[in-house]
Amino acid sequence: MIFHIANFYSKCLWIVLIIAISFNTPAIAANSGKDILDSKCLSCHTISKKTPSTLKELWERKGPDLSSTGIKYKQEWIKQWLQKPVRIRPAGMFYGNHIKKGKKTDEVDSATLIKHPKLTGEQATLVTKVLMTLKQNQNLVKTGDYKPGSISLTLGEMMFDKFKGCLACHQIEPGYGGLSGPEVYTAAKRLQEDYLISFMRDPQAWEPKSIMPNKHLKETDLQKLVHYLRALSQENF
Amino acid sequence: MKYAIFIFIYCTLPFFSVADASAETAKDNYKTYCVQCHGLEGKGNGINVPDMSTQPRNHTDAKEMSARTDQELFKVIKEGGQAIKKSVLMPPWGSTLSDGEINDLVKYLHHLCKC
């Protein structure tokens, strides 16, 4: 009798063990945002400070460097975007790799553009958590550099287009503006305001070979441009 | 003394070669920074052009390009369009390119316009 009970318990233990292992193995893998980052992200993105220092390196880069994520991007936005990625750079990471001659002007060669992989809600949460701990270049961002304020969309657009010429490379709504740079109508949803100020003030401090020129903007203009980007991001394009 | 000069030159040589190595060719700089507006063939028809209020200069137009001096071309690349009373859409590249690289680009423009 005792033998039968012991046998029954040992069988039960085995079953429990097998169930635990079968459930636990994927859970262990999925538990690590770092694992997802390693397996899904690092073939295109870098997470250690490795800014392109030559043009060749700039051309070869497939995705933005993520080593400053914690001081650059907004956490909630990354989490959402990773689950529903939408193209930010109409002509890809380096436009020169994705253009062809067109009838009147050069055109984006859409066939060469790569779609960003989609993550599940759980994966996105885990990866975002890890990414937000990456804070390279912290010395370039001053907390509170951006002083909240407002500007009308009309005035902001005049500044962005007519006075500063930013529209040459950036779209301010889908289908309107330049194509070589990232669109800016979701910029303030994506990026932290203090980072925006820092990057526009001196793009080369972040990336020596960046195709974003330093326009030597006055401090008041930097603030106004971020007011405009914030107003633009409320438009829900 | 001769040896001292030789040793001095030998020791400082790597510094010069490092400086040279960081300079990019005019062709590569043009491909990276200029083509987005001036186009793959330099005809002023890059991917950014459709929504522009002012058309970028056609670098293959010998007549238009000869109207500019080398000093003006250098200035417009380094300080932007407004520095020579032209469009704000041409940004200043002085923080991106060295003076040497800008001079090389001016020579490259002569090559493009064959002028």
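Hydrogens, waters and symmetry mates are skipped; everything else that's a heavy atom, side chains included, is used. Below, chain A is the first sequence line, B the second, and so on; all start at residue 1. Computed from a predicted model, the values in this text were never measured in an experiment.
Only the side chain of A:Tyr95 comes within less than 4.5 Å of a heavy atom in chain B; its backbone stays farther off. For A:His170, no part sits under 4.5 Å from any heavy atom of chain B, backbone or side chain. With a 4.5 angstrom heavy-atom cutoff, A:Phe94 touches chain B only via side-chain atoms. Contact annotation for A:Lys56: neither backbone nor side-chain heavy atoms come within less than 4.5 Å of a heavy atom of chain B. Only the side chain of A:Gln204 comes within contact range of chain B, with heavy atoms under 4.5 Å apart.
Of the listed residues (B:Glu41, B:Lys43, B:Met90, B:Glu79), the one with the most heavy-atom contacts under 4.5 Å to chain A is B:Glu41. Put simply, of B:Thr96, B:Thr32, B:Asp28, the one with the most heavy-atom pairs under 4.5 Å next to chain A is B:Thr32.
Remark: B:Lys78 engages B:Asp99 in a salt bridge, criterion side-chain N to carboxylate O under 4.0 Å.
The number of heavy-atom neighbours closer than 6.0 Å to NZ of A:Lys40, taken from other residues, nucleotides and ligands shown, is 12 or below. Remark: A:Lys147 NZ is packed, more than 12 non-hydrogen atoms of other residues, nucleotides or ligands lying under 6.0 Å away.
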Discussion item. Could you walk me through whether B:Arg57 and B:Met65 satisfy the side chain to side chain contact (heavy atoms under 4.5 Å, CB included) test, starting with their C-alpha distance in whole Å, then the side-chain angles of each, then the deciding distance to 0.1 Å, before giving a yes or no?
Written reply: CA-CA 8 Å; B:Arg57 179 71 72 219; B:Met65 290 304 287; 3.6 Å; yes
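Ring-plane geometry between A:Trp206 and A:Tyr195 is classed as perpendicular, the angle between the planes exceeding 60 degrees on a 0 to 90 degree scale with a lower cut at 30.
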